[in-house]
There are 2 protein chains.
Amino acid sequence: MGTSRASARSVVFAPLDPHSRAETVVRRLTDAITFGLLTDAEQLPSETDLAAQFGVSRVTVREALVALRQQNLVETRRGRGGGSFVRAPTAAADRSLRSRLSELSLPNLRDTADHYAAVAGAAARLAAQRADADDILRIEEVDADVAGPLHRMERAYHLEVAAVAQSARLAREEIRFAGELGTLLWSPILQTADSTYDPHAEHRAITAAIAAGDGDLARRLTEEHIETAVERLVTLHLTLVEP
Amino acid sequence: MGTSRASARSVVFAPLDPHSRAETVVRRLTDAITFGLLTDAEQLPSETDLAAQFGVSRVTVREALVALRQQNLVETRRGRGGGSFVRAPTAAADRSLRSRLSELSLPNLRDTADHYAAVAGAAARLAAQRADADDILRIEEVDADVAGPLHRMERAYHLEVAAVAQSARLAREEIRFAGELGTLLWSPILQTADSTYDPHAEHRAITAAIAAGDGDLARRLTEEHIETAVERLVTLHLTLVEP
DNA sequence: GCGAAAACGTATGGCGTCAGACTTTAAAGG
DNA sequence: CCTTTAAAGTCTGACGCCATACGTTTTCGC
């Protein structure tokens, strides 16, 4: 029993998140830009709006924008009609993703992924129990969206499922994971590595299970879906750390 | 697609964690004490050690300890051999259980329970995949422990499973739930209502599934275990609100 | 043109958090 | 009994983050 007490203790006294709020905002925006969610030349919300949405002060938002300007990810113009505009050099984005990935420890990556799979799987299971016809249509619509890049659809799909599950807590968790890991997990730099990657087929299977009310199947498929994505990430991580 | 874009954006620009570092430390320690992980009269690490382990300054730890003293959760002595000692007010806590329960809304209770079942179930499944013989022995030991009150054993059992799953994040979630709901969920006031309540039998079944490496079964049993506990809570809630 | 409006830019005072040095208390050990 | 020692308690200067102003730049609408 001594060991279990020790490990339980190490959980209680584990270090707090060491990132400052400004750093977190930088990461969120960098994620959104490199993810392609904010596209080239697009205008960000005003500093005041960003501050309100992030729940931080304008000073902190400005500090984050300074960092983004230094990394050439945004350009800022003054005056009426001014603001910060995305300048997405895809090469730099790719570089930033790779550096973030190599900074993550492998155990940490797997732990986060386990947690993510637990939440996404539970959301899929609940969605199967609670979805009505309209919900199914909305989910299919998101998956069928071919307007944007593939990885954007990936994240939107999982968010939609979480919304259908009607669990405020699980939805909140999904949102947290999307910020923490989603950018890496569904990143385009992974998709070249494996030609068998077919998210639409996997999503259709999950959606079908949800529509059929088969919660256990929907969960299993979702977990496998995430697991294979994690394996791709781990492979890339290994090639980065030990080339 | 408008909807999916909107929800994706809301993820990027979602509010940051609003808690101060001191508040987070207070929550961690409160959870650990109400969980029973830090038992009555037990000594916490020194302020310096706590600061190092949490990765915060001593000032912040001290601020957290002030809050804990005000809530009568710890008592602090000065000088050599001094420090902060747990003061678990078990009697007072039990008296307030019913009022806490009737203040909880039913949807909120079910939502929290869904989340809890997702986490505990995932932990059981991972434990089945990762446990070795020693781990099984440790889990059995916890369940066999008849020294303390039943609800402490319950919480210790599920935490032990999470520890065996080797997931720091899931274990931390378990502790959070135990603080939030565990006191109610495994409370002795529920056990008189239903004579068929036999946690040891249910635990033995879960442990056997983990030992057999049957993750899906371990998860299903864990989910049912929690679900039945929740049903007892809901029943009691109804009798309290509409007697 | 020219004022109003909308954005970024700048400044101030206050609070939370930090590292570090120092003081006080009280037990342990010679 | 008295020194040592380990702990809580106190103080200081610096930095991050906050709200709230006020200033500056640019464009829009009249």
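By convention in this document, chain letters (A, B, ...) are assigned in the order of the sequence lines, proteins followed by strands, and residues within each chain are numbered from 1.
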Please name all residues satisfying side chain to side chain contact (heavy atoms under 4.5 Å, CB included) with A:Arg110, sequence neighbours left out, ordered by chain then number.
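In terms of side chain to side chain contact (heavy atoms under 4.5 Å, CB included), with neighbours along the sequence ignored, A:Arg110 is linked to A:Glu231, A:Val234.
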To the nearest Å, give me how far apart [atom1] ([X]) and [atom2] ([N]) are.
X	N	atom1	atom2	value
B:Gln43	D:dA8	CD	C1'	12 Å
B:Asp17	C:dT17	CG	P	12 Å
A:Leu65	C:dT10	CG	P	13 Å
A:Leu16	C:dG16	CG	P	17 Å
A:Glu47	D:dC18	CD	P	14 Å
B:Glu63	D:dG9	CD	C1'	15 Å
B:Arg21	D:dC17	CZ	P	10 Å
A:Leu50	D:dC17	CG	C1'	17 Å

Earlier contact from the 5' end, DNA chain D, for B:Arg77 and A:His19
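Comparing both residues, the 5'-ward one is B:Arg77.
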Any side-chain N or O of B:Thr48 under 4.0 Å from OP1/OP2 of D:dA7?
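For D:dA7, OP1/OP2 do not have a side-chain N/O of B:Thr48 under 4.0 Å.
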With a 4.0 Å cutoff (strictly under), does any side-chain N or O of A:Thr60 reach OP1 or OP2 of D:dG16?
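For D:dG16, neither OP1 nor OP2 has a side-chain N or O of A:Thr60 closer than 4.0 Å.
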Measure across B:Gly81 and B:Gln43 and return the closest heavy-atom pair with its distance rounded to 0.1 Å.
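Scanning both residues, the minimum pair turns out to be O-NE2, 4.3 Å.
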Would you please test A:Glu173 and B:His115 for side chain to side chain contact (heavy atoms under 4.5 Å, CB included) and show each step?
CA-CA 10 Å; A:Glu173 289 282 276; B:His115 193 182; 3.6 Å; yes
Can you work out whether B:Ser57 or A:Arg62 has the more 5'-proximal nearest nucleotide on DNA chain C?
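Final value for this comparison: A:Arg62.
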Tell me which of A:Gly82 and B:Ala22 sits closer to the 5' end of DNA chain C, going by the nucleotide each one is nearest to.
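Mapping each residue to its closest nucleotide by heavy atoms, the 5'-most match is A:Gly82.
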Does A:Arg58 reach a base, just sugar-phosphate, or nothing at all? Heavy atoms under 4.0 Å.
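The residue A:Arg58 makes base contact.
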Both conditions, 6.0 Å and 45 degrees, for the charged tip of A:Arg28 above the ring of B:Phe13: are they met here?
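Judged by the rule, A:Arg28 and B:Phe13 form no cation-pi pair.
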With A:Ser167, which of B:Thr112, B:Asp114, B:Asp111 fulfils side chain to side chain donor-acceptor pair (under 3.5 Å)?
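For A:Ser167, the side chain to side chain donor-acceptor pair (under 3.5 Å) check succeeds only for B:Asp111.
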Grab the N/O contacts between the protein and nucleotides 26-30 of chain D below 3.5 Å, and write none if there aren't any.
{"unit_1": "D:dT26", "atom_1": "O2", "unit_2": "A:Arg80", "atom_2": "N", "d": "2.8"}
{"unit_1": "D:dT27", "atom_1": "O4'", "unit_2": "A:Arg80", "atom_2": "O", "d": "3.3"}

For residues A:Ile139 and A:Glu160, determine if any side-chain heavy atom of one lies less than 4.5 Å from a side-chain heavy atom of the other.
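Yes - at least one pair of side-chain heavy atoms lies under 4.5 Å apart.
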Any salt bridge linking B:Glu47 with B:Arg62? Criterion: basic side-chain nitrogen under 4.0 Å from a carboxylate oxygen.
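Answer for the salt bridge query: yes.
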